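A quick write-up on the structure given underneath.
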Protein chains: 2
Amino acid sequence: MTVRQDIHSPGIPVLCLPCEARHRGVCGALDPDHLVRLAKTSSRHKIEPGVELIGDAEAVDSYSNVLSGVVKLTKSLSDGRQQIVGLQFAPYFLGRPFKVESAINAEAATAVSLCTFPKATIDRMMRESPELEHRLLKQTLNELDEAREWMVTLGRKTSLEKVASFLLMIARNIDSSVDPATRSACFDLPLTRADISDFLGLTNETVSRQLTRLRVDGVIRIENNRHVTVDSISRLEQRCGGRGATAL
Amino acid sequence: MTVRQDIHSPGIPVLCLPCEARHRGVCGALDPDHLVRLAKTSSRHKIEPGVELIGDAEAVDSYSNVLSGVVKLTKSLSDGRQQIVGLQFAPYFLGRPFKVESAINAEAATAVSLCTFPKATIDRMMRESPELEHRLLKQTLNELDEAREWMVTLGRKTSLEKVASFLLMIARNIDSSVDPATRSACFDLPLTRADISDFLGLTNETVSRQLTRLRVDGVIRIENNRHVTVDSISRLEQRCGGRGATAL
DNA sequence: CGACGTATTGATTAGGCTCAAATCCTGTGG
DNA sequence: CCACAGGATTTGAGCCTAATCAATACGTCG
């Protein structure tokens with residue numbers, strides 16, 4: 001994939017110009033010079049749902065930005081029990097700096113497009129540019145917050161609250177139209193029922209039952225198994241199990 | 001608390017000389033100059049068990065290193081359900097850079113000694129010293145790995161496996177004598193049964209029952225409710241639910 | 001020794017799991 | 001366009017693990 005500089009936009013590689021991740025995610029931390037160097041070695045990929053991106057305990061020599069779609073991070077026990085430990089939405093960074101990979105599995109949950117670059121390039125730039133490491137620290141702190149939020153959900157919520165919390169989280173991440181004004185949302189679930197159950201520590205039967213319960217109660221509508229409409233976000237929030245004193 | 005330089009150890013503040021956290025944790029990233037500046041504004045505290053260090057949604061203007069003891073990080077739902085989302089052992093760093101605190105509560109689980117310094121000092125040093133931010137990133141990535149490990153435990157393990165996993169984690173963190181040779185361990189539980197249940201997403205009754213089960217099965221011995229002996233770590237590991245293909 | 005908090009043990013209940021069957025969507029080929 | 005195949009999802013019946021409610025034992029500290 002050839003990359004040349006665009007004369008009109010000083011120093012920004014053409015590959016990056018239309019990229020919605022350029023200002024967000026890690027790329028936003030890079031100056032034009034670094035961006036050019038990174039773009040030289042980066043390439044875009046389309047990934048089909050279900051394709052494994054990073055195998056458990058596999059050596060990883062590349063990082064990626066998620067440009068669209070959702071990537072699920074999973075961990076499993078030897079008898080097959082599985083837990084999704086994170087969902088990576090655009091424009092987030094995918095990879096684990098400084099370490100032989102931590103027994104995590106990454107798999108495309110939906111169709112995914114990635115911008116991939118060699119580990120070595122980023123590792124070198126990280127040493128040169130504190131701003132890059134700063135962004136990475138920020139993202140990691142966010143992921144830690146999210147992980148801890150889900151620990152509460154996994155450990156202390158009922159199955160109904162778990163499913164409601166999941167829908168709310170997806171709504172906030174996928175549907176850009178979720179604004180305080182309308183208080184409604186509408187989106188396609190990026191996960192199958194089985195994936196949702198692996199995310200919530202439930203079985204797919206239980207997930208299904210609680211979804212129908214929310215549907216019967218008029219909190220959500222479901223079309224074609226995947227498309228969800230939430231007329232009143234507040235009603236959904238009420239089923240999530242009160243968040244302690246503090247707002248999300 | 002006065003601090004002066006020690007003539008024999010070039011540039012290291014006396015306060016820091018005997019500190020076991022000086023080379024580990026964030027302090028290890030500081031050059032003598034920074035260490036001196038930090039030590040000038042830092043102070044040591046002893047905290048009683050049960051004392052709240054950081055309130056939910058409270059503004060935090062200081063960071064701390066945990067020098068001894070265990071700090072529990074909790075999140076709660078409004079109806080009182082609580083989940084421990086992390087345990088901070090020495091010599092780790094306590095605090096959340098760049099953010100109004102994320103609805104987390106920190107409380108001394110055991111007697112704790114802290115080395116506390118103003119947020120502003122660290123924030124400034126972080127801008128000056130990339131190495132400091134690097135350490136912080138590493139610690140945060142570790143905490144993220146741990147959080148994800150516990151998500152598997154919370155979501156997919158049975159109560160027996162949860163309790164066994166908890167004991168194993170404590171053994172590895174507390175008892176320095178856990179070596180592959182002897183394969184035995186011996187430690188005081190830093191948490192009450194109620195705390196353990198908040199950590200594992202169980203009730204204290206269930207925790208108690210599974211502890212007795214492990215005791216009856218000869219996997220552990222318990223004296224005075226708190227002191228635990230594990231004769232064979234491997235036997236304990238067997239009850240933790242197989243880790244998928246990869247070792248911890 | 002007595003009192004209080006912590007932990008254990010017991011009996012019962014209930015939420016979520018398992019196994020099993022029916023239904024719905026998607027996509028394919030005639 | 002319709003029929004069919006295959007997987008995903010929903011629904012149902014019964015069971016089991018962990019929660020709940022309740023009482024007893026233990027340990028610590030005055």
Side-chain angles (χ1 to χ4, degrees), chain A residues 48-50 72 77 79-83 107 109-111 153-167 188-217 220-228 239 241, chain B residues 48-50 72 77 79-83 107 109-111 153-167 188-217 220-228 239 241:
Chain A
E48 290 301 301
K72 57 178 182 174
L77 303 176
D79 61 4
R81 281 176 287 176
Q82 199 174 47
Q83 177 69 44
E107 187 182 317
T110 63
T153 303
L154 286 171
R156 288 303 184 198
K157 291 190 183 178
T158 65
S159 60
L160 181 64
E161 291 168 340
K162 284 181 177 181
V163 170
S165 304
F166 172 77
L167 290 176
D188 278 323
L189 286 175
L191 303 185
T192 65
R193 303 291 188 274
D195 281 339
I196 298 174
S197 63
D198 280 345
F199 192 75
L200 298 174
L202 300 169
T203 61
N204 48 10
E205 292 96 330
T206 299
V207 170
S208 183
R209 278 184 245 273
Q210 304 309 335
L211 280 174
T212 41
R213 186 166 160 195
L214 288 172
R215 185 162 46 72
V216 169
D217 290 0
I220 59 172
R221 276 175 290 144
I222 305 181
E223 288 151 60
N224 299 343
N225 284 341
R226 284 295 189 112
H227 192 74
V228 175
R239 323 251 157 166
Chain B
E48 290 301 301
K72 56 178 182 176
L77 302 176
D79 61 3
R81 281 176 288 176
Q82 199 174 48
Q83 176 69 43
E107 186 183 319
T110 64
T153 303
L154 287 171
R156 288 304 184 198
K157 292 190 182 176
T158 65
S159 60
L160 180 65
E161 290 167 342
K162 284 180 177 180
V163 171
S165 303
F166 172 77
L167 291 175
D188 279 324
L189 286 175
L191 303 184
T192 65
R193 301 291 188 272
D195 281 340
I196 298 173
S197 63
D198 279 345
F199 192 77
L200 298 174
L202 301 169
T203 60
N204 48 10
E205 291 96 329
T206 299
V207 170
S208 185
R209 277 185 244 273
Q210 303 307 335
L211 280 174
T212 40
R213 185 164 163 197
L214 288 172
R215 184 162 47 71
V216 169
D217 289 1
I220 59 172
R221 279 175 289 145
I222 305 181
E223 289 151 60
N224 298 344
N225 284 341
R226 284 293 189 114
H227 192 75
V228 175
R239 323 249 159 169

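Small disclaimer: the values here were computed from a predicted structure and weren't measured.
- Checking C:dT8, D:dA18, C:dA11 against every side-chain atom of B:Ser208, the shortest atom distance belongs to C:dT8.
- Mapping A:Asn204 and B:Glu205 onto DNA chain D via the closest heavy atom, the residue that lands nearer the 5' end is A:Asn204.
- Here the nucleotide nearest the side chain of B:Asn224, chosen from D:dT28, C:dC17, D:dT9, is D:dT28.
- Within 4.0 Å of B:Thr203, counting heavy atoms only, lies at least one base atom of the nucleic acid.
- Under 4.0 Å is where a charged nitrogen must lie from a carboxylate oxygen, and between B:Lys72 and B:Asp198 no such pair does.
- Look at CG on A:Asp188: it is 14 Å from C1' on C:dC25, rounded to the nearest Å.
- Contact annotation: B:Thr212 side-chain N/O to C:dT8 OP1/OP2 distance is not under 4.0 Å.
- Interface remark: the A:Arg209 side chain does not form any donor-acceptor pair with the C:dG15 base, using a distance-only criterion of under 3.5 Å.
- The A:Thr206 side chain lies nearest to C:dG16 when the options are D:dA18, D:dT10, C:dG16.
- Whole-Å rounding puts the A:Leu200 CG to C:dG16 P distance at 12 Å.
- Between its opening and closing five pairs, the helix from C:dC1-D:dG30 to C:dG30-D:dC1 changes axis direction by 30°, a value rounded to 10 degrees.
- In this structure, B:Leu202 atom CG and D:dT20 atom P are separated by 11 Å, rounded to whole Å.
- For a distance-only test at 3.5 Å, the side chain of B:Arg226 fails to qualify as a donor-acceptor partner of the base of D:dG27.
- Straight-line distance from the CZ atom of A:Arg193 to the C1' atom of C:dC17: 19 Å, rounded to whole Å.
- Which of C:dA7, D:dT9, C:dG16 sits closest to the side chain of A:Asn225 comes down to D:dT9.
- For A:Arg215 against D:dT11, no side-chain N or O and base N or O form a donor-acceptor pair under 3.5 Å.
- Distance, A:Ile196 CD1 to D:dT10 C1': 14 Å, rounded to whole Å.
- Using a 4.5 Å heavy-atom cutoff, the side chains of B:Leu189 and B:Leu167 are in contact.
- Between the CZ atom in B:Arg239 and the CD atom in B:Gln210 there is a gap of 11.0 Å [rounded to 0.5 Å].
- Distance B:Lys157 NZ to D:dT17 P: 18 Å, rounded to the nearest Å.
- What separates CG of B:Leu154 from C1' of D:dA18 is a distance of 15 Å, to the nearest Å.
- Residue B:Ser208 holds its OG atom at 12.0 Å from CG of B:Leu202, rounded to the nearest 0.5 Å.
- Inter-residue side-chain proximity for A:Arg81 and B:Thr158 is flagged as met; some heavy-atom pair is nearer than 4.5 Å.
- The residue B:Leu211 sits apart from the nucleic acid: no heavy atom pair falls under 4.0 Å.
- Here the CD1 atom belonging to A:Ile196 is positioned 12.0 Å from the OG1 atom belonging to A:Thr203, to the nearest 0.5 angstrom.
- With rounding to the nearest 0.5 angstrom, the CG atom of B:Leu214 is 5.0 Å from the CG atom of B:Leu160.
- The distance between atom CZ of B:Arg213 and atom C1' of D:dT17, rounded to the nearest whole Å, is 11 Å.
- Between the NZ atom of B:Lys157 and the CG atom of B:Leu200 there is a distance of 10.0 Å, given to the nearest 0.5 Å.
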